[in-house]
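What you are looking at is a predicted structure, and each value in this text was computed from that prediction instead of being measured. Position 1 is the first residue of the sequence; numbering continues from there.
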Amino acid sequence: MAFRITTGMKMNTYRYNLMQSINTLADAERKMTTGRKFSSYAESPADATNAWRVRRNYMDNVGYKKENKDTTTRYQSGWLTMGTIHTHLEQYVGKTAAIRAANDPTAEAKKELGNVLANTAETVVQAMNGCKYGDEFVFGGTDGTSPPFSWEGDHLYYRGIDLTPPSMFPDGTQKWPDYWGKLDEKTGIPKDFAEITKDWKMVNGVLTGDYQAQETMEQKELKFTPEGLVKPPVVDASGTVVLKQAVDSNGNPVAIKTDGGDVTSVVDGKGNPVTLPQTFTVIDANGATATVTVELGDATGEKLPVIDEKGEPVIKTDNGEIPKDQRQWYVFFKNMETLNKLSDEVQYADLGMGMEEDENGNMINGTYFNNALPGINMLGYGVDEDGDSKNLALLMKKFDQVLSKVDSNGTVPDSEGGNQRVIDLLGKFDAVCDFTRKGYSKIDTEAKFLTSNDETLGDQTFNLNEQILNLENVDPAEAISQFMWDYNCFNAALKIGTQLLSQSLLDYMR
């Protein structure tokens, strides 16, 4: 059977192909003008999916760069502040004054140097508080809303926690009770503190519980019969001392507890405890020999610490209100527990290191950056084994306390440890300065890492941008060439249609 091809049929086919050519031309024009390979997901699902992933990584990277820049600026502020403290305050003003205080014999000069150190301590704290990034206090750890440090008299506080040890209180003791143990190297708290004080309770400012205290004995005067013949120390006929007041290794009066449980404050010439009454032969002022009975008389109102025959303090356990000296150290070491937590604060910053949690919900080390800068990690906190502060500012204040008490000859009183005390404090000052220098170095190291990380993120951003261009954008030269080709093809199709195709009479017949 013959099939008649009409001009209309050819025209319909022509129009269909012409529309395809127009669409191809329009697509080429769109690619040339927008520079994009596709405009919707449906056009190229595979490329669109890859492009979405790369763009998401790119936007994440932009966020990392911004966070890194903010963190870098914050660390640079801290670095500049610590540099000022390290270079101008600690090294030149503070340390020079401390060295001169240890060697200068002039009383007024030493007192003046103490004032310099006290003023330097306040300047150091002001510098730390003055370090801000925007409205945030840099050295406040995770709390940047308030100044990290504050003075109340000679008491220094960090975020409301008192850093001042009782050794700096006017009515405080130099050290905690020995039976609390030595300081733990990690926590800075006596090793037996938690066990000894676990049942202590603070109610309305009163601390009560079972506590240990050094046993004391009420001091009584020595009574001689016949009266007025001799005065202690008592010597025998040969001039040898037979009775005298018991003293400890520092020459302070004490009472001695014997193995039998007797307590006496009298020893013989060899230091052996003597229980009274005792009778001795003595020589009076005129050289006459007499027999004297010595016994305990009336109480003098004083309390003597009791030691055993080895010179160790005799400890007893009491229940009730904790003595003030122990209460002060209890509060201080409780503060230390809080300060240790503040020292270990972490402020997570995602800087493109793969921030991730482990199976317990804890952040994996190395996948985040700790943005927190606790000020106590720069200036120090806690005490050493002697009970002296390990904080830079407070140790300067301690110098001032000691130097303010020098006599007219420039000598530190024995009650304050003598001139050796200043030399000892100078050694402690060196150690605290070294701690501060390490804090400064740590900030410097972290700042350098942030700078390096910014460069790494910049390289990653450039690489991701290249991937986006490769996935989404066309080659301009190729797009223009393709457009011109499709344009010429379209024009050729139009020309063919107008010149070769025409309708006949049959196209109008039904």
Side-chain angles (χ1 to χ4, degrees), residues 141 155-169 171-217 248-250 254-257 259 261 263 303-346 360 362 374 376-377 380-391 394-395 428 431-432 435:
H155 284 244
L156 180 62
Y157 292 80
Y158 175 75
R159 287 172 57 176
I161 307 299
D162 195 356
L163 301 175
T164 316
S167 57
M168 295 186 68
F169 298 175
D171 60 347
T173 57
Q174 180 61 35
K175 193 177 177 183
W176 60 94
D178 288 337
Y179 66 89
W180 288 10
K182 293 184 177 296
L183 296 179
D184 183 274
E185 292 183 2
K186 184 177 181 180
T187 64
I189 299 173
K191 294 182 178 181
D192 296 328
F193 172 77
E195 179 63 27
I196 290 172
T197 63
K198 65 180 180 180
D199 296 324
W200 291 11
K201 295 182 180 179
M202 180 79 77
V203 180
N204 298 325
V206 177
L207 185 65
T208 60
D210 291 329
Y211 65 95
Q212 288 183 313
Q214 183 169 331
E215 188 174 325
T216 59
M217 186 192 80
D248 60 17
S249 58
N250 296 319
V254 293
I256 299 178
K257 192 169 189 176
D259 291 339
V263 179
K303 294 281 188 178
L304 291 180
V306 179
I307 63 175
D308 60 24
E309 292 184 279
K310 295 181 180 179
E312 300 295 331
V314 176
I315 303 297
K316 63 178 181 178
T317 300
D318 284 340
N319 179 271
E321 183 175 353
I322 309 300
K324 181 169 63 176
D325 60 331
Q326 296 188 45
R327 182 169 66 250
Q328 291 173 342
W329 281 105
Y330 173 83
V331 172
F332 177 78
F333 286 122
K334 278 295 182 182
N335 287 344
M336 278 289 296
E337 293 177 351
T338 303
L339 291 170
N340 285 335
K341 294 178 182 178
L342 296 180
S343 174
D344 292 334
E345 280 185 324
V346 177
N360 298 319
N362 300 317
I376 50 176
N377 290 351
Y381 68 103
V383 291
D384 59 20
E385 283 290 354
D386 297 326
D388 291 318
S389 177
K390 296 170 69 174
N391 176 273
L394 286 174
L395 199 58
K428 297 173 187 288
V432 174
F435 177 87

Check this for me: [X], atom [atom1], are more than 12 non-hydrogen atoms of other residues, nucleotides or ligands nearer than 6.0 Å?
{"X": "Glu185", "atom1": "CD", "result": "no"}
{"X": "Lys303", "atom1": "NZ", "result": "yes"}
{"X": "Asn204", "atom1": "CG", "result": "no"}

Measuring from [X]:[atom1] to [Y]:[atom2], what's the distance to the nearest 0.5 Å?
{"X": "Gln214", "Y": "Ile315", "atom1": "CD", "atom2": "CD1", "answer": "5.5 Å"}
{"X": "Lys341", "Y": "Met336", "atom1": "NZ", "atom2": "CE", "answer": "13.0 Å"}
{"X": "Asp325", "Y": "Lys175", "atom1": "CG", "atom2": "NZ", "answer": "14.0 Å"}
{"X": "Thr197", "Y": "Asp192", "atom1": "OG1", "atom2": "CG", "answer": "10.0 Å"}
{"X": "Leu163", "Y": "Tyr158", "atom1": "CG", "atom2": "OH", "answer": "9.0 Å"}
{"X": "Asp308", "Y": "Ile256", "atom1": "CG", "atom2": "CD1", "answer": "9.0 Å"}

For [X] and [Y], which heavy atoms make the closest approach, and how far apart are they?
{"X": "Asp388", "Y": "Gln174", "value": "OD1-NE2, 2.9 Å"}
{"X": "Val263", "Y": "Ala255", "value": "CG1-CB, 3.8 Å"}
{"X": "His155", "Y": "Phe169", "value": "CE1-CE2, 3.1 Å"}
{"X": "Glu345", "Y": "Gly141", "value": "OE1-CA, 3.6 Å"}
{"X": "Thr187", "Y": "Asn340", "value": "O-ND2, 3.0 Å"}
{"X": "Thr164", "Y": "Leu156", "value": "OG1-N, 2.9 Å"}

Using modelled atom types and a 3.5 Å cut-off, is there a donor and acceptor pairing between side-chain atoms of [X] and backbone atoms of [Y]?
{"X": "Asn377", "Y": "Ser343", "result": "yes"}
{"X": "Asp384", "Y": "Asp386", "result": "yes"}
{"X": "Asn335", "Y": "Ile161", "result": "no"}
{"X": "Ser167", "Y": "Gly387", "result": "yes"}

Q: Measure up the Trp329 and Trp176 rings against each other and bin them: parallel (under 30°), tilted (30 to 60°), perpendicular (over 60°).
A: perpendicular
Q) Just wondering, do Lys257 and Met217 contact through their side chains at under 4.5 Å, heavy atoms? A) no
Q.
side-chain contact (heavy atoms from CB on, under 4.5 Å) for Lys390 and Phe435? Distances and angles first, verdict last.
A. CA-CA 9 Å; Lys390 296 170 69 174; Phe435 177 87; over 6 Å; no
Q: Identify which one of Phe332, Trp180, Trp200 satisfies the ring pair (Phe, Tyr, Trp, His ring centres under 6.0 Å) criterion when paired with Phe193.
A: Trp180
Q: Using side chain to side chain contact (heavy atoms under 4.5 Å, CB included) as the criterion, point out the one residue from Ile196, Leu183, Asp184 that pairs with Lys191.
A: Asp184
Q: For the pair Met202 and Val331, evaluate side-chain contact (heavy atoms from CB on, under 4.5 Å) and give the outcome as yes or no after the intermediate values.
A: CA-CA 10 Å; Met202 180 79 77; Val331 172; 4.1 Å; yes
Q.
Side chains of Asn391 and Ser389: any donor to acceptor distance under 3.5 Å?
A. no
